[in-house]
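The structure appears below as C-alpha cells.
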Amino acid sequence: MEIATKYDPSSVEDKWYRFWMENGFFRSVPDEREPYCIVIPPPNVTGVLHMGHMLNNTIQDILVRRARMLGKNACWVPGTDHASIATEAKVVAKLREQGIDKSSLSREEFLAHAWEWKEKHGGIILEQLKKLGASCDWDRTCFTMDEARFETVIDVFIDLYNKGLIYRGARMINWDPKALTAVSDEEVIYKEVKSKLYYVRYRIEGSSDEWITIATTRPETILGDTAICVHPDDERYANLKGRKIHVPLINRAVPVIFDEYVDKEFGTGALKVTPAHDINDYNLGLKYNLEVVDTFNPDGTLSEAAQLYIGENRFKVRTKIVRDLDTAGHIVKIEDYTNKVGYSERTDEIIEPRISVQWFMKMKELAKPALEVVENETVRFHPAKYKNMYRHWMGNVNDWCISRQLLWGHRIPAWHLPDGSFVVAKTRHEAFELAKSRIPDPGSRITIDDLKQDEDVLDTWFSSWLWPISVFDGIRHPDNADINYYYPTVDLVTAPEIIFFWVARMIMAGLLFRNEVPFRNVYFTGIVRDKQGRKMSKSLGNSPEPIELIGKYGADAVRMGMLLCSPAGNDLLYDDSLVEQGRNFCNKVWNAMRLVKGWETDPGLEQPKSNQVSVEWFDSVLNTALIDINEQFTRYRLSEALKDVYKLVWDDFCSWYLEMIKPAFQMPVDSKTYDATLVFFEKLIRLMHPFMPFLTEEIFHVLHNSGEASIMQTRLPLSGVIDNGLISEFDFIRQLVMSVRAVRSEKNIPQKEQIPVFIRSENNKGKTGHFHDVVIKLCNLSELQYSPDQPESSVSFIVGTTECFIPLLQNINPEEEIKKLEEEIQYQQGFLNTVMKKLDNESFVNNAPARVVDAEKKKKADAESRIAVLKDQVNTLRN
RNA sequence: GGGAGCAUAGCUCAGCCGGUUCAGAGCAUCUGCCUUACAAGCAGAGGGUCACAGGUUCGAAUCCUGUUGCUCCCA
C-alpha cells in the first residue's frame with residue numbers, strides 16, 4: 001500500500017468525525033462507572049467561532065477525551081446562550097436592513113423574528129466546534145431559552161422572590177442609552193479618556209457679586225444640580241453656612257451641604273451635587289434628603305425637567321451649555337483632564353448613571369459560602385492566583401441588577417395590578433389567584449385581564465448561573481438520574497474575565513439549590529492575542545478565521561498550536577508559526593508510521609542484543625514520561641504535558657529509538673523488535689489522542705485495520721517498570737554519539753563516510769556495553785575499539801571523563817586543536833576554581849548537607865581528571 | 001485611589017520546599033546536508049550580569065526589603 005509522504009488532514013478529519021458520531025462514541029448515560037463531566041461555557045447564539053473559543057474548547061476536549069480513556073464515563077454537555085443584548089441588537093439591525101423599525105412591532109412579532117433568526121444562525125457555532133473535533137454529547141445540546149431552561153429560570157426567579165432574595169426597587173443603575181436598558185456593574189467597561197475640567201462659578205444668593213466656583217467634567221448635568229457640597233473643615237467655605245446658591249442659567253436656589261466626602265484638594269474643593277446623574281451624588285442626595293431632578297430622557301437627550309435644551313443629545317448640550325455659560329460669565333477656566341468613563345460592554349455607548357425601578361438580587365448572603373468553598377479549595381482555581389481576585393470581589397459585592405429593558409430573554413414573571421402593586425407567579429392564572437387572595441375585600445373588582453405582566457426580561461447571566469444544574473434539568477426535577485450522577489461536574493474551563501459574571505454566580509447557585517459546588521476545578525485560559533499582544537478583534541482584523549485555519553493546517557495542528565504556548569492563565573500570543581509547528585509534528589508522526597509500516601519481519605531472525613537493549617531502554621523512557629505527563633495533568637499544566645509528549649515522540653522515539661533499531665535498507669527486522677515497536681507506537685498514539693484525535697485515529701486504523709473499533713475506546717497507557725540504570729547508561733551513549741557527530745560536522749566528514757572511533761581504556765573494558773552496536777550504527781563507524789593508547793594523528797574529545805579518539809588522515813591542524821584544547825582547559829580550570837572555593841570554605845563544608853559536599857567533591861575530582869587528560873592531549877600534539 | 005500579578009536567550013515561557021556541571025526548553029537565527037520515513041526533514045553551532053539596589057545565608061534566578069518598568073482587576 002502506498003502511503004503519502006505528507007499527512008493530509010483534510011482527507012481524514014470529516015471521515016473520523018462522522019465515524020465517531022455514527023457510533024455514538026460521545027454519548028454518555030449514567031452507569032456504574034465514575035462520572036466525568038464538563039459543561040461547555042455556552043457560546044452566544046449570535047457568535048461565530050473565534051480563536052478564544054478554539055483555545056477554550058480544545059482544552060475541554062483534551063480533558064474529556066483523556067477522562068474517557070481513563071475509563072471514566074465522560075460527558076461534555078454542549079449548548080448555546082441566548083445572549084439577550086447581543087442577539088436583540090443583531091435582530092434589530094437585520095430588521096432595519098429590511099426597513100422594519102423595532103418599535104413598529106408588537107412584542108410577539110419581534111420575538112417571532114428573533115426566534116427565526118436564532119433557528120437560522122444559532123447552530124453555526126456548534127457545527128464549527130465539530131470541525132475542531134469536539135467530543136460533546138450532542139444529544140444533550142441545550143439552549144438557555146429552550147423549554148426546560150426557560151421554565152427553570154422562571155421557577156428560580158419565583159423561588160428567590162418568595163425567599164426574599166429578589167426585590168424590586170428604585171436604585172441608581174448603569175443605563176445604556178443606546179440599547180435603552182439597564183446593565184449590571186460587570187457590563188460596564190471603564191476607559192481612560194481625555195476630557196476637560198470646567199470651572200464654573202455659581203452666584204451666592206443674596207449678593208450680586210459673591211460667587212462660588214466648582215469644577216466639573218459634566219457641565220450638561222448642571223441643570224440637575226440640587227446642592228453644592230464642600231468639606232466641613234474647609235475654611236474657604238465656612239462662611240457659606242445657611243446660604244443658598246443659584247444654579248446658573250436656570251437660577252434654581254440650592255442649599256450648601258457640608259460633607260467629608262468632598263476632596264478639598266480636587267478642583268476648587270467645592271462640588272456640585274446632581275443626585276439624578278451620579279452615583280456618589282445620589283448617595284449624598286439620600287443622606288441629605290436632596291431633591292432629585294432627572295434632566296435626561298432614557299435615550300440620553302435632555303428632558304423637560306432640564307428646562308433648557310430639551311430633546312437635544314447630552315454631548316451636544318455639553319458644547320452648547322459651555323458656550324452659554326461663558327456668554328453669561330460663568331466659566332472661570334477650562335483645564336485638560338484625563339478621567340475614566342464607563343462604556344457599555346455591548347454597545348460601546350457611554351453609560352449614564354440613572355435612577356430607575358429595577359429588579360435586584362441580594363448578593364451578600366450568597367457570597368459568603370461561595371467565597372468559603374474557594375478559600376478551602378472545595379473548588380480549586382488553576383492557576384491559584386485568581387483566588388485573590390475572587391476574594392477581593394466577593395468581599396465587595398453589590399446587589400445584582402437582574403432586569404433588562406429588552407424583549408429577547410426570560411420575561412419576568414411579575415404581574416402588575418391596577419393599584420400599582422404586583423404579584424409574582426408563573427402564569428397569568430396563578431397570578432390572578434394570588435392577587436385575589438391578597439385583596440382583603442373579595443368584592444373588589446379586578447379581572448384576570450387587569451393583570452399586566454412586567455415588560456422586562458432577565459439578565460442573560462440569570463440563566464447562565466444555573467447552567468451546570470439546568471442542563472440536567474436539576475431545578476425542575478431535583479432528584480433525576482442525570483443530575484444525581486453528573487453533578488457536581490469536575491472541570492470548568494473558562495476565561496478569567498467572566499470570573500464574577502459567571503463562575504462566582506454558578507458557585508452561588510450550586511450551593512443555594514443543590515447545597516453542593518457546581519465543579520471541582522476551574523481552569524482559566526488566557527486571552528488569545530496577536531503577535532503584538534493586541535486583543536483579537538474584528539475591527540483590527542487581526543484574527544485568523546478558525547475554520548480556514550483548520551482547512552489549511554488541520555484540526556490537530558491547530559489544537560496543538562493553540563495549546564503549545566498557553567500555560568493556564570497566561571495570555572497566548574498567537575502566531576501561525578505555532579500551528580505550523582503542530583502541523584509539522586503531525587507529519588512527523590505520520591512518517592514514523594510510514595517507516596514502521598514499511599518494515600518486513602523475518603520470523604527466523606534472532607533479536608540482536610543491541611535491539612533488545614534499545615527496546616528495554618525506550619520502555620523505561622516511555623514509562624518515565626508517562627508518570628511525568630500524568631503529573632502535569634493532575635496539576636492542570638496541559639501545555640507542559642503536550643510539550644513532554646512532543647519531546648517523547650519526536651526526540652526519544654523518532655530521533656533515537658527508531659534510528660537505533662531501524663534495519664538497513666530493504667532488510668527485515670526481527671519480529672521481537674518489530675512487535676515491541678508496534679506496542680510502543682500504539683501506546684504513543686493513545687497518549688497523543690486527547691491532543692490530536694484525528695491523526696491518532698487514522699494511524700490506529702492503519703496500524704491494525706481496526707474496523708469498527710476506535711482509539712477512543714482504548715485506555716491510556718499505564719506506566720511500568722523503569723530501569724534508571726539503563727537510562728543513565730544511555731545518557732553516556734547519547735553524549736558519545738553527539739560528540740562524534742559534532743566532530744564530523746566540524747571536520748566536514750560526510751555522514752556516509754565510515755570512520756573508526758577509539759575509546760581510551762586501560763584494561764580494554766568497554767563503556768558502551770550492550771549499546772556497542774548501537775553506537776556503531778548511529779555514528780556510522782567502521783570500528784569502535786578500546787585501547788590504552790591514543791592512535792597516531794587523531795582528534796580527541798571527552799565524554800564525561802572518558803577520552804575518545806578519531807584517527808584522521810587529513811584535516812588535522814595541530815595549532816587549532818591545541819587552541820581548542822586550551823580554551824577547554826581554561827573553562828575547566830575556572831569551573832574547578834569555583835568548586836575549590838566552596839570546598840575551601842570551612843563553613844560550607846561544616847554546614848552544608850553531606851550530599852551536597854560529596855557532590856562538590858565529585859565535581860572537583862572529575863574536573864581535575866579532565867584537566868589532566870586535556871593537558872596530556874596538548875603535550876601529545878606538541879610533540 | 002484600593003488590590004493583585006509579572007520582569008530569565010531575539011520571541012514565548014519552564015525553573016515547585018535555596019545546593020544536580022544551574023543558567024534550561026521550544027520557536028527563531030547561523031552552518032553543513034535532498035543520508036531510501038519525514039526538507040513540514042537530518043546533523044551541528046552561537047546566544048542570557050536571571051530588571052535594578054540592598055539584605056538574610058556556608059550558598060540566592062529561587063527567600064526578605066526597597067526602586068524602576070509593564071500587565072490585569074476593582075472604584
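A quick note: this is a predicted structure, and the numbers were derived from the prediction, not measured.
For B:C42, one of the phosphate oxygens OP1 or OP2 lies less than 4.0 angstrom from a side-chain nitrogen or oxygen of A:W650. Under 4.0 angstrom from either OP1 or OP2 of B:G41 there lies at least one side-chain N or O belonging to A:N584. A:K588 has a side-chain polar atom (N or O) that falls below the 4.0 Å cut-off from OP1 or OP2 of B:C42.
For A:H382 and A:Y386, the distance between ring centers is not under 6.0 angstrom.
The CD atom of A:E856 sits 10 Å away from the C1' atom of B:G59 (whole-angstrom rounding). Rounded to an integer number of Å, the gap from CE of A:M562 to P of B:C13 is 14 Å. If you measure from atom CG of A:N748 to atom P of B:C33, you get 8 Å, rounded to the nearest angstrom. Atoms CG (A:L595) and C1' (B:C38) sit 9 Å apart, rounded to a whole Å. Look at CZ on A:R744: it is 12 Å from C1' on B:C33, rounded to the nearest Å. Straight-line distance from the CD atom of A:Q581 to the C1' atom of B:A40: 12 Å, rounded to whole Å. Protein atom CZ of A:R635 is 7 Å distant from nucleotide atom P of B:G15, rounded to whole Å. Here the C1' atom of nucleotide B:C33 and the NZ atom of A:K752 are 10 Å apart, to the nearest Å.
With its glycosidic angle more than 90° from 0, B:U8 adopts the anti conformation. Taking syn as a glycosidic angle within 90° of 0, B:C17 qualifies as syn.
If you check B:A37, B:G44, B:C42 against the side chain of A:R741, the one that comes closest is B:G44. Nearest nucleotide to the A:K385 side chain, out of B:G5, B:G2, B:U35: B:G5. Ranking B:A43, B:A14, B:A25 by closeness to the A:K647 side chain, first place goes to B:A25. Considering only the side chain of A:S843, B:C58 comes nearest among B:G44, B:G19, B:C58. Listed nucleotides: B:G26, B:G41, B:U35. Nearest to the side chain of A:Y646: B:G26. The side chain of A:M389 lies closest to B:C73, out of B:C73, B:C38, B:U35. With B:G19, B:G44, B:A37 as the candidates, the nucleotide lying closest to the side chain of A:V852 is B:G19. Among B:C42, B:G44, B:C38, the nucleotide with an atom closest to any side-chain atom of A:S745 is B:G44. Considering only side-chain atoms of A:F665, the nucleotide from B:C42, B:C58, B:U36 that sits closest is B:U36.
Nucleotides B:G44 and B:G59 have their P atoms positioned 39 Å apart, rounded to a whole Å. Between B:A40 and B:C34, the two C1' atoms lie 14 Å apart (nearest whole Å). The P atoms of B:A23 and B:A9 are separated by 16 Å, rounded to the nearest whole Å. B:C58 and B:C6 are spaced 32 Å apart, taking the C1' atom of each and rounding to whole Å. Comparing B:U20 with B:A28, their C1' atoms are spaced 30 Å from each other, to the whole Å. Rounded to whole Å, the C1' atom of B:G48 lies 14 Å from the corresponding atom of B:C13. B:C73 and B:U31 have their P atoms separated by 44 Å, with the value rounded to a whole Å. B:G18 and B:U62 are spaced 6 Å apart, taking the C1' atom of each and rounding to whole Å.
In this structure, A:L658 and A:Q828 both approach RNA chain B, and ranking their closest nucleotides by distance from the 5' end singles out A:Q828. If you find the closest nucleotide of RNA chain B to A:A592 and to A:A863, the one lying nearer the 5' end belongs to A:A863.
A:K364 NZ: more than 12 foreign heavy atoms inside a 6.0 Å radius. No more than 12 heavy atoms of other residues, nucleotides or ligands lie within 6.0 Å of NZ in A:K552, so this atom counts as exposed by the packing criterion.
In this structure, B:U12 forms a base pair with B:A25, meeting either the Watson-Crick or the G-U wobble geometry with both donor-acceptor distances under 3.5 Å. The base-pairing partner of B:G41, taking Watson-Crick or G-U wobble contacts with both distances under 3.5 Å, is B:C33. With a 3.5 Å ceiling on both atom-pair distances, the Watson-Crick or G-U wobble partner of B:C72 is B:G3. Pairing partner, B:U65: B:A53, with both Watson-Crick or wobble hydrogen-bond distances short of 3.5 Å. Base pairing of B:U20: no nucleotide in any strand meets the Watson-Crick or G-U wobble criterion (both distances under 3.5 Å).
Note on A:N847: a base of the nucleic acid sits closer than 4.0 angstrom, heavy atoms only. A:R583 comes within 4.0 angstrom of a nucleotide base, judged by non-hydrogen atoms across all strands. Residue contacts shown for A:E631 are absent, as no nucleic acid heavy atom lies under 4.0 Å away. Nucleic acid contact for A:M593: none, since no nucleic acid atom lies under 4.0 Å from a heavy atom of the residue. Residue-level contact check: A:P849 touches the bases, meaning some heavy atom is under 4.0 Å from a base atom. Looking at heavy-atom distances under 4.0 Å, A:F585 makes no contact with the nucleic acid at all. Within the nucleic acid shown, A:K662 comes within 4.0 Å of at least one base atom, counting heavy atoms only. At a threshold of 4.0 angstrom between heavy atoms, the contacts of A:N388 are confined to the sugar-phosphate backbone, with no base atom among them. A:C586 comes within 4.0 angstrom of no nucleic acid atom, judged by non-hydrogen atoms across all strands. Note on A:R637: only backbone sugar-phosphate atoms sit closer than 4.0 angstrom, heavy atoms only; bases stay farther off.
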Please evaluate residues A:E753 and A:R744 with respect to the criterion salt bridge (Lys or Arg N to Asp or Glu O under 4.0 Å), reporting the C-alpha separation (whole Å), side-chain torsions for both, the decisive distance (0.1 Å), and the verdict.
CA-CA 10 Å; A:E753 188 182 321; A:R744 269 188 191 276; over 6 Å; no
One pair to check against ring-ring contact (aromatic ring centres under 6.0 Å, His included): A:F381 and A:Y523. What are the steps and the verdict?
CA-CA 6 Å; A:F381 285 178; A:Y523 181 105; over 10 Å; no
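The distance from atom CZ of A:F797 to atom CD of A:Q735, rounded to the nearest 0.5 Å, is 11.0 Å. Atom CZ of A:R635 sits about 9.0 Å away from atom CD of A:E640, to the nearest 0.5 Å. Note that CG of A:L821 and CD of A:Q828 are 11.5 Å apart. Values are rounded to the nearest 0.5 Å. Atom CG of residue A:N847 and atom CD of residue A:E842 lie 10.5 Å apart, to the nearest 0.5 angstrom.
Using modelled atom types and a 3.5 Å distance limit, the side chains of A:Y636 and A:N521 yield a donor-acceptor pair.
With hydrogens and angles ignored, no donor-acceptor pair under 3.5 angstrom links the side chain of A:Q632 to the base of B:A14.
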